[in-house]
Amino acid sequence: MRSKQLLNCLILFCYNTYCFGQDISLYKQFNGRYDYTAIGNTLNLVENGTDDPCEILTSSSASLNLNPNQNIIAAYLYWAGSGPGDFEIKVNDIDIIAERKFSNIFSNNDSELAFFAAFTDVTSIFLENGSGEYNISDLDVSKEIPSYCPTGTNFAGWAIVIIFKDNNLPLNQLNVYDGLQSVPDMLSIKLDNLNVLDNEGSKIGFIAWEGDASLAVSEQLTINGKVIGNPPLNPPNNAFNGTNSFTGSSNLYNMDIDVYNLKNNIAIGDSSAIIELTSGQDLVIINNIITVLNNQLPDAKITLDSYTLECDDRGIEITYTVFNTKSTDILPANTPIALYANSVLVGQSYTLNNIPIDGSESNTITILIPESVEDDFILTLSVDDTGVNSGIVTELNEENNTENTYIELLIVPPPEVLQTNVACDEGFDTAYFNLEEILESLPLNSETYSFYTSLEDLKNRENEIFNTNNYSNIINPQTIFVKVENDYCYTIYSFDILVENCPPFIPEGFSPNSDGLNDWFNIQGLYDIFEKHKLKIFNRNGVLIFEGNNTTPWEGRSNRGLNNVGNLMPVGTYYYILDLNDPNYKDIAGWVYVNY
């Protein structure tokens with residue numbers, strides 16, 4: 001009881017805030033060999049305005065009779081009445097609670113009357129029971145009747161729409177619309193999502209409440225501007241008059257379950273229809289509209305199943321599936337497929353086979369994202385698209401052909417440049433470096449790394465440096481590239497190794513006595529390092545006795561002067577001037593002692 005009171009309060013809240021109804025809109029669409037029938041009954045004993053209309057029932061029954069080849073797909077129960085609403089009823093003694101609720105406020109002469117409708121999907125009940133008798137009970141609006149009886153707007157009733165599949169039927173599009181809209185004086189409803197290929201056998205059905213056979217003041221139903229009727233059951237000037245087109249009954253007091261032929265009222269190619277209802281006096285409340293249109297078309301959809309990114313690669317392997325679900329015809333082979341990255345066409349494909357109704361086909365394509373597209377982008381898969389955002393296949397729904405996915409390429413950023421590592425020249429601009437030690441200061445997130453002499457080798461995994469603890473440079477300076485692997489790709493670091501000429505070490509003496517020990521003026525860090533140096537040796541009298549270079553070290557003999565050319569010089573102290581021929585160093589001068 002508490003939940004029912006709460007629901008009633010919600011409807012009254014809508015009433016107090018002047019909620020005048022819910023617009024009719026599309027609820028479900030079925031595509032295939034489908035059609036429908038409807039059963040229902042009123043709880044009114046007589047039509048309003050006759051005898052004693054103030055008495056009303058709380059239950060009534062109706063029979064469903066389907067042919068053996070008609071298989072139930074869905075069953076939708078609608079019930080309605082005067083007042084704020086009863087949203088808990090029974091179907092064949094099974095408790096039913098409203099899944100969706102509708103309300104409508106009728107305002108007239110400064111008075112307002114509330115009406116309600118409710119919906120529940122009862123497919124499971126009908127799949128279990130099939131054809132037979134169905135009883136609706138516990139639909140009780142009796143306490144509201146005294147307030148509505150004087151206005152002639154007291155009613156309650158129910159209807160069930162049964163959608164079935166029959167393989168003998170043509171391929172149809174069946175649309176279920178619902179809401180709660182009313183007249184007088186004039187009501188206009190636009191039905192969208194239609195796709196009329198053939199109007200032969202097309203029809204439209206209504207579930208409406210509170211229509212009276214005895215009131216037909218300016219009452220007229222038009223579709224796309226044309227007056228519609230189904231005489232003698234539904235004359236053009238009294239469309240909603242308590243009738244059931246499926247049974248031929250005319251004692252469905254204060255409710256209608258009507259069906260009209262649409263052939264002459266809708267044209268091939270239409271995607272919508274305008275329904276207009278006028279009534280000068282009779283209150284008519286539209287709750288449900290169903291259209292059935294002969295419609296044989298495919299309906300292509302595409303989904304991205306997976307994609308594979310390679311590290312530092314703009315190529316992507318795409319796996320996708322094309323579906324033809326909710327269709328009424330095959331999707332032909334060679335239906336084009338286009339792939340866009342931020343609206344730039346980056347790939348094209350096509351379906352390989354005819355895809356049957358409710359079928360699908362998967363395929364794989366590799367695309368290359370051009371440099372003009374950012375590394376992160378929206379990938380759009382579009383089926384029935386020739387690459388210019390237009391297709392070649394007429395479909396049931398032209399608005400569901402694309403799927404978008406955000407993708408970020410695994411593009412490696414430019415190398416992070418580390419500090420230059422300098423070593424002393426050990427000869428001919430070369431030195432030895434411990435590359436492992438250079439990385440020790442970095443907070444690496446991986447223990448997997450490798451060294452290369454070029455970015456190209458690094459990316460191609462070629463010519464890796466293996467003697468990393470004692471690496472001799474090839475050129476001076478030389479750039480070393482480091483690839484540090486991570487979970488998804490890798491990071492690149494680079495650093496220069498630079499060989500510099502360090503100050504030479506000059507001994508204070510030597511003994512050129514051919515004993516194999518200290519036989520020449522061995523200036524360490526000079527030869528093959530300062531390759532353009534010049535060495536001059538003078539005796540104590542300041543006479544130049546020797547000039548040397550990188551290939552001519554001083555072995556204690558003279559090569560300058562008149563008397564001592566080629567001779568060993570006597571024991572003594574000699575003065576030297578060393579020109580390193582390096583802009584970073586000044587000439588070095590000093591004394592060296594020669595002894596035997």
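Using modelled atom types, one finds no donor on one side chain facing an acceptor on the other under 3.5 Å when comparing N230 with Y260. For the residue pair T42 / N254, no side-chain donor-acceptor distance below 3.5 Å is found, with atom types taken as modelled. Side-chain contact of S182 with N104: a donor-acceptor pair under 3.5 Å is present, judged by distance alone. When only modelled atom types and interatomic distance are considered, E399 and N401 share no side-chain donor-acceptor pair under 3.5 Å. No side-chain donor from either of N288 and D178 sits under 3.5 Å from a side-chain acceptor of the other. N251 and S249 are linked by a side-chain donor-acceptor pair at a separation below 3.5 angstrom, with hydrogens and angles left out of the test. Using a 3.5 Å distance cut-off with no hydrogens or angles, the side chains of T319 and T364 do pair a donor with an acceptor. In this structure, a donor-acceptor pair under 3.5 Å is present between the side chains of S63 and E133. Using modelled atom types, one finds no donor on one side chain facing an acceptor on the other under 3.5 Å when comparing S59 with S137. A side-chain donor-acceptor contact under 3.5 Å links N404 and T380.
Using modelled atom types, one side-chain atom of N241 and one backbone atom of N238 make a donor-acceptor pair closer than 3.5 Å. Judged by distance alone, with hydrogens and angles left aside, the side-chain atoms of E408 form no donor-acceptor pair with the main-chain N or O of D375 at under 3.5 Å. The backbone N or O of I96 lies less than 3.5 Å from no partner atom in the side chain of E88, so there is not a single donor-acceptor pair. At distances below 3.5 Å, at least one donor-acceptor pair connects side-chain atoms of N324 with backbone N or O atoms of D299. Although no hydrogens or angles enter the test, the distance criterion places no donor-acceptor pair under 3.5 Å between the side chain of T325 and the main chain of G359. Side-chain atoms of E361 do not come within 3.5 Å of backbone N or O of T351 as any donor-acceptor pair. Judged by distance alone, with hydrogens and angles left aside, the side-chain atoms of W79 form a donor-acceptor pair with the main-chain N or O of D86 at under 3.5 Å. Counting only distance, with no hydrogens or angles, the side chain of S202 and the backbone of V292 share no donor-acceptor pair below 3.5 Å. Judged by distance alone, with hydrogens and angles left aside, the side-chain atoms of S131 form a donor-acceptor pair with the main-chain N or O of L66 at under 3.5 Å. Between the side chain of T58 and the main chain of L139, no donor-acceptor pair closer than 3.5 Å is present.
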Can you list, pair by pair, the side-chain donor-acceptor contacts under 3.5 Å of residues 156-170, counting residues two or more places apart and other chains?
residue	atom	partner	partner atom	Å
W158	NE1	S60	OG	2.7
D166	OD1	N69	ND2	3.0
D166	OD1	N168	N	2.9
D166	OD1	N168	ND2	3.4
D166	OD2	N69	ND2	3.1

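A 6.0 Å sphere centred on CD of E55 holds no more than 12 heavy atoms belonging to other residues, nucleotides or ligands. Residue Y488 qualifies as open at atom OH: its count of foreign heavy atoms under 6.0 Å is 12 or below. Remark: K190 NZ is loosely packed, at most 12 non-hydrogen atoms of other residues, nucleotides or ligands lying under 6.0 Å away.
Taking the side chain as every heavy atom from C-beta outward, N363 and L352 approach each other to under 4.5 Å. Side-chain contact between I392 and T386 is present, with heavy atoms from C-beta onward closer than 4.5 Å. Side-chain contact check for I289 versus I275: some heavy-atom pair is nearer than 4.5 Å. Under the 4.5 Å side-chain criterion, counting only non-hydrogen atoms from C-beta, S382 is not in contact with L339.
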- Show your working on side-chain hydrogen bond (donor to acceptor under 3.5 Å, both in side chains) between D385 and Y340 and close with a plain yes or no. CA-CA 11 Å; D385 187 337; Y340 301 90; 3.0 Å; yes
- Passes side-chain hydrogen bond (donor to acceptor under 3.5 Å, both in side chains), Y320 versus S306? Steps please. CA-CA 7 Å; Y320 62 85; S306 64; over 6 Å; no
- Would T335 and D384 satisfy side-chain hydrogen bond (donor to acceptor under 3.5 Å, both in side chains), going step by step from the backbone distance to the final call? CA-CA 6 Å; T335 297; D384 189 24; 5.9 Å; no
- Message: Does V176 form a side chain to side chain contact (heavy atoms under 4.5 Å, CB included) with F30? I'd like the steps, not just the answer.
- Response: CA-CA 8 Å; V176 179; F30 299 84; 4.2 Å; yes
- side-chain hydrogen bond (donor to acceptor under 3.5 Å, both in side chains) assessment of S25 paired with D23: CA-CA 6 Å; S25 61; D23 289 346; over 6 Å; no
- Query: Hey, mind stepping through E395 and N397 against side chain to side chain contact (heavy atoms under 4.5 Å, CB included) and telling me if it holds?
  - Reply: CA-CA 5 Å; E395 300 179 60; N397 185 355; 5.9 Å; no
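When all heavy atoms are compared, the tightest approach of D305 to S362 is OD2-OG, 4.0 Å. In plain terms, the two heavy atoms of I56 and F155 that are nearest each other are CD1-C, 3.7 Å. When all heavy atoms of A114 and Y148 are compared, the pair lying nearest together is O-OH, 2.6 Å. Counting all heavy atoms, side chain and backbone alike, F115 lies closest to L180 at O-CD2, 4.2 Å. Taking both residues in full, the closest heavy atoms of S61 and N41 are given as O-ND2, 2.8 Å, listed atom of the first, atom of the second, then distance. Contact detail for Y76 and K28: the closest heavy-atom pair is OH-CG, 3.5 Å.
The aromatic rings of Y36 and F246 stand perpendicular to each other, their planes meeting at an angle above 60°, with 30° marking the opposite boundary. Relative ring orientation between Y134 and F126 is described as parallel, the plane-to-plane angle staying below 30° on a 0-90° scale split at 30° and 60°.
Residues satisfying the side-chain hydrogen bond (donor to acceptor under 3.5 Å, both in side chains) test with S390, not counting sequence neighbours, are none. Not a single ring-ring contact (aromatic ring centres under 6.0 Å, His included) links Y177 to another residue, sequence neighbours left out. Applying the salt bridge (Lys or Arg N to Asp or Glu O under 4.0 Å) criterion to D35, with sequence neighbours excluded, gives K203. With sequence neighbours excluded, no residue forms a side-chain hydrogen bond (donor to acceptor under 3.5 Å, both in side chains) with N172. Q70 pairs by the side-chain hydrogen bond (donor to acceptor under 3.5 Å, both in side chains) definition with nothing, not counting sequence neighbours.
Here L113 contributes atom CG and E144 contributes atom CD; the two are 10.5 Å apart, rounded to the nearest 0.5 Å. If you take CG on N234 and CG on D258, they are separated by 4.0 Å, rounding to the nearest 0.5 Å. Put simply, CG on D256 and CZ on F240 are 6.5 Å apart, with the number rounded to the nearest 0.5 Å. For the atom pair OH (Y253) and CD (E47), the distance works out to 8.0 Å, reported to the nearest 0.5 Å. Separation of atoms OG (S327) and CD1 (I355) is listed at 9.5 Å; rounding is to 0.5 Å. The distance from atom CD1 of I302 to atom OG1 of T402, rounded to the nearest 0.5 Å, is 9.5 Å.
Remark: aromatic rings of F116 and F87 are close, center separation under 6.0 Å.
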